[in-house]
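Chain letters run A, B, ... following the sequence lines, proteins first and then strands; every chain starts at 1.
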Amino acid sequence: DAKTTQPPSMDCAEGRAANLPCNHSTISGNEYVYWYRQIHSQGPQYIIHGLKNNETNEMASLIITEDRKSSTLILPHATLRDTAVYYCIVRVVGFGNEKLTFGTGTRLTIIP
Amino acid sequence: EAEVAQSPRYKITEKSQAVAFWCDPISGHATLYWYRQILGQGPELLVQFQDESVVDDSQLPKDRFSAERLKGVDSTLKIQPAELGDSAMYLCASSARQGGGYTFGSGTRLTVV
């Protein structure tokens, strides 16, 4: 699976949009971009995933650049409960061995 | 909402003792994963099952760790003997056979003293 690069930490004011960047310059054509987050002492939680089109769900939006070498996770109105470590992961889907390989992620702190 | 169940939530054990963790995945999920997360790091895959078969155990320290999923449903991860460096969060996750996201359990936090 391709490697991802994320900033180690970010702050965002409560109520503002949190934009978390991720670089994945070696991504292959059949690799998806996944985002998970982990709130302290809990298991990681799935947020969103995409291949090349932008995606939106009730939690967040995922913007993938046209060349697919980077992406941004957007939390539109951050709350204190969004304070967590956010992991950007790329992986192949559909070949049976579909493991997620985590990096160290971005620690997002929402400031009141 | 369906959950992945793990027990115990916390475990303290002495060095050289045996310890076991249990995971019950979401009903119908054929794929089950065990991850280990050391404090300050991201989770690391230990073993992956597809039904009752091991698909990937390349990162499992097989001299002391073992994992089984006998009927392709719940799973047990065992460490014998435990070492100080095994102190970590042990996470179980499951996924449907085709794509989608994993669902993780809340984990078992192991402390070896």
I'd like to know whether CZ of A:Arg16 has more than 12 heavy-atom contacts from other residues, nucleotides or ligands below 6.0 angstrom. no
Are A:Tyr34 and B:Tyr102 an aromatic pair, judged by ring center distance below 6.0 Å? no
Does atom NZ of B:Lys71 have more than 12 heavy-atom neighbours, drawn from other residues, nucleotides or ligands, at distances under 6.0 Å? no
Could you check whether any side-chain heavy atom of A:Leu100 comes within less than 4.5 Å of a side-chain heavy atom of B:Tyr33, counting everything from C-beta outward? no
Can you name the side chain to side chain donor-acceptor pair (under 3.5 Å) partners of A:Tyr87, sequence neighbours left out? A:Gln38, B:Gln37
For chain A, which residues of residues 103-113 of chain B have at least one non-hydrogen atom nearer than 4.5 Å to it? B:Phe104, B:Gly105, B:Ser106
Indicate if B:Val4 and B:Leu77 have the same hydrophobic cluster label, given that clusters are the connected sets of ILVMFWY residues with side-chain heavy-atom separations under 4.5 angstrom. no
With the 4.5 Å side-chain cut-off for hydrophobic clustering, are A:Met59 and A:Met10 part of the same group? yes
Return all side-chain donor-acceptor pairs below 3.5 angstrom for residues 60-69 of chain A, not counting sequence neighbours, or 'none' if the list is empty.
| from | atom 1 | to | atom 2 | distance (Å) |
| --- | --- | --- | --- | --- |
| A:Ser61 | OG | A:Thr56 | OG1 | 3.1 |
| A:Thr65 | OG1 | A:Asp67 | OD1 | 2.8 |
| A:Thr65 | OG1 | A:Arg68 | N | 3.4 |
| A:Thr65 | OG1 | A:Lys69 | N | 3.4 |
| A:Thr65 | OG1 | A:Ser70 | N | 3.4 |
| A:Thr65 | OG1 | A:Ser70 | O | 3.1 |
| A:Asp67 | OD1 | A:Lys69 | N | 3.0 |
| A:Arg68 | NH1 | A:Glu31 | O | 3.1 |
| A:Arg68 | NH1 | A:Leu51 | O | 2.4 |
| A:Arg68 | NH2 | A:Ser28 | O | 2.4 |
| A:Arg68 | NH2 | A:Glu31 | O | 3.2 |

Would the number of heavy atoms belonging to other residues, nucleotides or ligands and lying under 6.0 Å from CD of A:Glu14 be above 12? yes
Residues 81-94 of chain B: residues contacting chain A (heavy atom under 4.5 Å, by number): B:Met89, B:Leu91
Joint cluster assignment, A:Ile110 & A:Trp35, ILVMFWY side-chain distance < 4.5 Å: yes
Are A:Ile27 and A:Tyr86 connected in a single hydrophobic cluster, I mean Ile/Leu/Val/Met/Phe/Trp/Tyr linked by side-chain heavy atoms less than 4.5 Å apart? yes
When you look at CG of A:Leu80, are more than 12 heavy atoms from neighbouring residues, nucleotides or ligands closer to it than 6.0 Å? yes
